[in-house]
Amino acid sequence: MTAIPPEPIRGQFKGKDIISLGQFDTDCIAKLFRITAQMREVALSAAPSHVLDGSIVVLLFYEPSSRTMGSFDAATKQLGGQTVVVTSPQQYSSVAKGESFADTIRTFEAYSDAIVLRHYETGSAATAAETARHVPILNAGDGIGEHPTQALLDLYTIWEHTGRLAGLRGLVAGDILNGRTVHSLIKGLALYEENELYLLAPPELRLARDDLAAFQQSGIRLYEVDDVGDIPRDCHFWYWTRVQKERFRSDEEFQRVNNRFIVTKQLLETYGNRDMILMHPLPRVGEIEDAVDDDLRAVYLRSQIRNGMYVRMALLALVLGRIA
Ligand code: NCD
């Protein structure tokens, strides 16, 4: 799938597709985060909100999802909107009868004010955005490409804990090659000054060389490492990820690289520090020991999940033009 690059947001969210972190600048992230903080209050208050009254959001998910789907659904309903949930359209919709991607998008466009799309093909969200002329497309993960709303909630979580998004040192571990959340997160952190990331992965799961070069050109400092001994002790955050099993040709290839790096209490004790946070986009499948969950630095089952709903509430209100 090839598509034209998405339009930059430049302060004007209304009607925009959200395809890539590359559309954002620091001002629009600051604006989004101001509204996200307000949305938290809305969600915590018992009073019903009418921000999305009368709007319908289609959740079109070709791949499995718990948090992205659940939080977009909850975010819409928190604001008084409604959802049409279409899971596994390749099995349960007319896609199973051979309907094309374009016709599927056109169909759901006719019923909705926005479409949240998760698809296994990289570039699918941009293609859908070209097809849907009347409603915004929000990319909820396109193959190994990007997952911008996840990166926005990740940035929000980092900002909430450190008070800034510049001058940060972070560790990203796991599947850097196939992890779409990582690709969006790197683009997001590259918007700010003086950020550096250590990328801990087996050689087979390093960033694609073109992506590495492009990211480095954008100003962020990236250091590729393949040994836990190379983790700097003074990171502000660790961002662990799952090896993306569904992107491998065979189980054997997957097993060869799966869970080379596991967060244990001992690893955190040895290479971590008191002030850092430990993040994960989830699901985790063995790469963080359960014993670590009680550590207050482990935010993945706490604020990182909750922030997903708040950020998505803010984003929906903005792209649907209900908040300027
Ligand atoms: C991620 C995804 O789907 O890319 N999940 C999520 O949305 N939080 C990460 C993953 O599946 O490993």
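The structure presented is a predicted model; accordingly, all values stated were derived computationally and were not measured. Both ligands and their constituent atoms are indexed starting at 1 by order of listing.
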Query raised in the report: What do you reckon, are the aromatic ring centroids of H119 and F61 less than 6.0 Å apart?
Result: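 H119 vs F61: aromatic centres not under 6.0 Å.
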
Query - ligand 1 contact on Q150 by region, counting heavy-atom pairs under 4.0 Å - result: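 Contact part for Q150 vs ligand 1: side chain (C-beta onward).
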
Query - Those atoms of ligand 1 less than 4.0 Å from some heavy atom in Q244 - result: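 Answer, ordered by atom number: 10 (C), 12 (O).
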
Requested in this report: Report, in ascending order of atom number, the atoms of ligand 1 lying under 4.0 Å from any heavy atom of T68.
Outcome: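 Every atom of ligand 1 under 4.0 Å from some heavy atom of T68: 6 (C), 7 (O).
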
Considering non-hydrogen atoms of the protein only, which is the closest contact for [atom], and what is the distance?
atom	value
atom 11 (O) of ligand 1	R242 NH2, 2.8 Å
atom 9 (C) of ligand 1	L282 O, 3.6 Å
atom 3 (O) of ligand 1	R180 NH2, 2.9 Å

Can you tell whether the side chains of [X] and [Y] come within less than 4.0 Å, N to carboxylate O?
X	Y	answer
R284	D290	yes
E194	R221	yes
D27	K31	no

Report task. Check whether any side-chain N or O of E224 sits under 3.5 Å from a backbone N or O of L200 as a donor-acceptor pair, and report yes or no. Result ->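 Side chain of E224 to backbone of L200: no pair is present.
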
Touching ligand 1 at all, [X]? Heavy atoms, strictly under 4.0 Å?
X	answer
R67	no
P283	yes
R118	yes

Query - Under the side-chain contact (heavy atoms from CB on, under 4.5 Å) test, residues paired with P283 that sit two or more places apart - result: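 side-chain contact (heavy atoms from CB on, under 4.5 Å) list for P283, sorted by chain: R67, R242.
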
**Report entry** E41, CD atom: more than 12 neighbouring heavy atoms under 6.0 Å
**Finding:**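 Yes, CD of E41 has more than 12 neighbouring heavy atoms, counting only those of other groups under 6.0 Å.
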
**Report entry** Test of proximity, E246 against ligand 1: N or O pairs below 3.5 Å
**Finding:**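 N/O-N/O distance under 3.5 Å: no.
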
